Amino acid sequence: MANKDEEIKKLVIARLQTMPLTIKVAMGAHGSFDREQLISHIKQDDEIGKIIIEKELLYIKTIIKQNETL
Amino acid sequence: MTIFVTRPEHDDMTFYLSTWIKLAMDFAESKGFKVIDFSKDRAIEKEVTKFLEKNNPKFVIFNGHGNDETIMGQKFETLIKSGKNEKLLKEKIVYAIACSAAAKLGNDCIKEGTTTFIGYDGLFSIIIENRHSSNPLKDEFVKPFFEASNELIKSIIKGNTTETAFLSSQRVFDEWIRKLQLTGVTPESSYMLRELIWDKIHQKILGKGDATLT
């Protein structure tokens, strides 16, 4: 399980590397984060990092599901 | 008929919320509604409580931060809290663009007599383009989020039921998600998609789906 979580973190970080530096994500009361800050939170394994990973997994699942119905 | 809106403004998110909700407020006024606007330092507990106790707005819109038990105003001051003052929202239609308020507070409000509570049971997130952060209405990357959110308000203003308004908002989310996928995935659109999908999934309607403002 620990290996799977680490692999997921690496995947999400790799995908975040393509995020333009011209944008940031505002996440409720947590504040606004650029690419490097998001990656930092994932590496810290904190609440924000966990939410970022959850969002990425939801995104991937949604896209896969949509492609299956096409 | 009166609509009550809180518009705190003290960081990126609240500044964006506060700016974009004005479009929906202007729409409401154009349809003959009286819009009571408690912005910035008026979006505090003492002022909001006093207004809600003395007046009877049928539709209350909270912009700002929140968590599963709280809706917040200016500089994170608690406005509505589970177990404390949900009764202020009795017999009202409430739309809370406040993170996670629909997770628990929304249901607590329904138990205390709120007619309908529409909100989000997770973080409300948006994409901000840095060069437009001081002028949110020019930020095309955030437009889909607030078109979906404002659609809900406009639909209720038009006299639709709360469920129709909710579904209408969900449809705008879907239209933007589809549009962003079809026009090709640019670096920005990919990140917009993530947040749009997230916000859409977390938007919830609680209480009566057949409530209207009439």
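Given the structure is predicted, the values throughout are model-derived calculations rather than measurements. Reminder, nothing fancy here: chain letters follow the sequence lines and each chain counts from 1.
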Is the distance between the ring centroids of B:F124 and B:H202 under 6.0 Å? no
Ring of B:F27, cation from B:K154 - is the NZ or CZ under 6.0 Å from the centre and inside 45° of the axis? yes
Below 6.0 angstrom between ring centroids: does that apply to B:F51 and B:F4? yes
Atom group of B:I128 that falls short of 4.5 Å from chain A, counting heavy atoms: both
When you measure from the side chain of B:N150 to the backbone of B:W20, do you find a donor-acceptor pair of N or O atoms at a distance under 3.5 Å? yes
Of B:M72, B:E195, B:R131, the largest count of non-hydrogen pairs under 4.5 angstrom with chain A goes to B:E195
Under the ring-ring contact (aromatic ring centres under 6.0 Å, His included) test, which residues partner B:F76, sequence neighbours left out? B:H10, B:H65
Applying a strict 4.5 Å limit to non-hydrogen atoms, the region of A:T62 in contact with chain B is side chain
Portion of B:L196 that has a non-hydrogen atom of chain A nearer than 4.5 angstrom: neither
Pick from B:K50, B:K84, B:K81: which one makes a salt bridge (Lys or Arg N to Asp or Glu O under 4.0 Å) with B:E45? B:K84
Taking every non-hydrogen pair under 4.5 Å, which of B:F141, B:W198, B:Y16 racks up the most with chain A? B:W198
With respect to chain A, which residue among B:N67, B:I127, B:V142, B:I126 yields the maximal number of heavy-atom pairs within a distance under 4.5 Å? B:I126
With only heavy atoms counted, which part of A:L21 is less than 4.5 Å from chain B, the side chain, the backbone, both or neither? backbone
Against chain A, label B:I97 side chain, backbone, both or neither, depending on which of its atoms sit under 4.5 Å from a heavy atom there. neither
